[in-house]
Every structure is written in structure tokens, then in C-alpha cells.
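No hydrogens, no waters, no symmetry mates; every other heavy atom, side chains included, goes into these values. The structure presented is a predicted model; accordingly, all values stated were derived computationally and were not measured.
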Amino acid sequence: MKRIWGILVAVLALLGGGLMLAPAAQASGYGCSGNLIDNYPVTYSGSTFGNVYLYYDSSTGKNCAVTVSNSSHGYGSSKWMVVELEKCTQTVDTGTCSSYSPAQEVKDQGNYLYQAGPVSISAAGHCILIYGRIDWAGNTGGAFDIGHCG
């Protein structure tokens with residue numbers, strides 16, 4: 001009976017440890033702090049190459065983004081990837097982004113196995129441009145949005 005209780009306690013400890021690790025890993029946000037506020041699929045001709053994840057950290061006032069490839073389109077293989085955030089002059093979403101001069105933008109691009117970024121920018125009271133790109137198997141998948149004003 002003691003052996004059964006010992007095994008049960010060990011199994012519960014392993015399960016509890018696994019449950020404790022999962023949220024901590026997920027909370028990392030691929031290197032971004034704060035809360036996930038949006039997700040943009042990086043697509044080409046109906047195929048999703050990955051996603052751009054956008055986070056906002058209210059304690060710092062910064063937006064953070066990362067482009068992550070998915071398992072069916074090169075996750076773990078070297079490929080050209082881009083993630084970019086730009087602060088727009090607009091303070092309400094008009095569907096356009098006028099750049100400051102010089103542009104207030106952050107970008108990470110290069111050949112990566114898993115992700116481009118993270119990149120962070122402060123844009124309190126303004127809209128941001130979000131852009132991600134993944135080149136895989138001779139095709140370019142992209143994600144683009146303007147918004148998250150305020």
C-alpha cells in the first residue's frame with residue numbers, strides 16, 4: 001500500500017510540475033513581456049507559414065512583436081524572416097500609417113530557424129504598423145496591419 005501511495009505521489013508531483021511549467025513557458029511570449037493582444041497569420045496563397053504575435057505591456061507602455069514560423073513551413077529550418085513595428089503619426093485608425101521623419105520603427109530580419117524578433121516600441125496615443133514575413137520554399141508569406149491606436 002505504501003508503494004502505491006509513493007507512486008501516486010510521484011505521478012502527481014510530475015503532473016503538477018508539468019502544469020506549473022506550461023504557463024510559465026507560455027507567459028514568456030517568445031521574448032515579449034505583457035499580454036498577447038493580437039495574432040496575425042503570415043500567409044501565401046492560402047497557406048499559413050506562421051504568425052506574428054503582438055503583445056502589450058501596460059507596465060512599460062511598449063508594444064512587442066515576434067514572427068514565428070509553423071511546423072509545416074520550415075520551423076527549425078533556416079529561412080528569411082522579418083518582424084517590424086512602426087509608430088504612426090495617426091492617433092485613430094484610418095487604415096493608413098503616415099511615418100514620422102525619420103521613421104520611428106524597429107525591425108528584426110534575417111535567416112532564422114524559428115522566429116524573428118522580438119522587437120519593441122513605445123507608441124502611446126498612436127497607431128502602430130505591424131508587419132511580418134516568412135520566405136519558405138521559394139514563396140513569401142506576409143502579414144500586415146495598422147491599428148492598436150491609443
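The number of heavy-atom neighbours closer than 6.0 Å to NZ of K87, taken from other residues, nucleotides and ligands shown, is above 12.
Side-chain contact check for S47 versus W136: every heavy-atom pair is 4.5 Å or farther apart. No side-chain heavy atom of V119 sits under 4.5 Å from any side-chain heavy atom of V66. Taking 4.5 Å as the limit, every side-chain heavy atom of Y55 sits out of range of all side-chain heavy atoms of N35. Using a 4.5 Å cut-off on side-chain heavy atoms (C-beta onward), F144 and L129 make contact. In this structure, H126 and T91 have side chains that are in contact, with non-hydrogen atoms separated by less than 4.5 Å. Two residues are said to be in side-chain contact when any heavy atoms from C-beta on lie closer than 4.5 Å; R133 and V42 fail this criterion.
Residues V68 and L113 share a single hydrophobic cluster, defined by chaining ILVMFWY side chains whose heavy atoms lie under 4.5 Å apart. Residue I130 is not grouped with residue V82 when hydrophobic side chains (ILVMFWY) are merged at heavy-atom distances under 4.5 angstrom, including chains of intermediate members. Linking ILVMFWY residues whenever their side-chain heavy atoms come closer than 4.5 Å, directly or via other members, places Y114 and L36 in the same cluster. Criterion: ILVMFWY side-chain heavy atoms under 4.5 Å apart, direct or through other members. Under it, Y30 and Y112 are not part of a common hydrophobic cluster.
One N or O on the side chain of H73 and one on the backbone of T48 form a donor-acceptor pair closer than 3.5 Å. Checking side-chain atoms of N51 against main-chain N and O of Y53 turns up no donor-acceptor pair under 3.5 Å. Although no hydrogens or angles enter the test, the distance criterion places a donor-acceptor pair under 3.5 Å between the side chain of D57 and the main chain of S59.
Side chains of Y40 and D38: a donor on one and an acceptor on the other come within 3.5 Å. A donor atom on one side chain and an acceptor atom on the other are not found under 3.5 Å apart for Y75 and N70. A donor and an acceptor atom, one from each side chain of N63 and H148, are nowhere located under 3.5 Å apart.
Between F49 and Y44, the angle of the ring planes lies from 30° to 60°, which puts this pair in the tilted group.
What you find for I134 and K79 is that their closest heavy atoms are CG2-CD, 3.8 Å. Taking both residues in full, the closest heavy atoms of V92 and C149 are given as C-SG, 3.7 Å, listed atom of the first, atom of the second, then distance. K62 and S122 get closest at one heavy-atom pair: CG-OG, 3.4 Å. Of all heavy-atom pairs spanning C32 and A65, the tightest one is SG-N, 3.7 Å. Heavy atoms only, all atoms of each residue included: E84 and K107 are closest at OE1-CE, 3.2 Å. Annotation for A143 and P41: closest pair CB-O, 3.4 Å, computed over non-hydrogen atoms.
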query = Would C127 and C88 satisfy disulfide (SG to SG under 2.5 Å), going step by step from the backbone distance to the final call?
reply = CA-CA 5 Å; C127 302; C88 305; 5.8 Å; no
key: T67/Q115 under side chain to side chain donor-acceptor pair (under 3.5 Å): CA gap, chis, key distance, verdict   = CA-CA 5 Å; T67 299; Q115 73 179 57; over 6 Å; no
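Expressed to the nearest 0.5 Å, how far CG of L54 lies from CG of L85 amounts to 6.5 Å. Rounding to the nearest 0.5 Å gives a distance of 13.0 Å between CD1 of I146 and OH of Y131.
Taking T96 as the reference, Q90, T94 meet the side chain to side chain contact (heavy atoms under 4.5 Å, CB included) condition, with sequence neighbours excluded.
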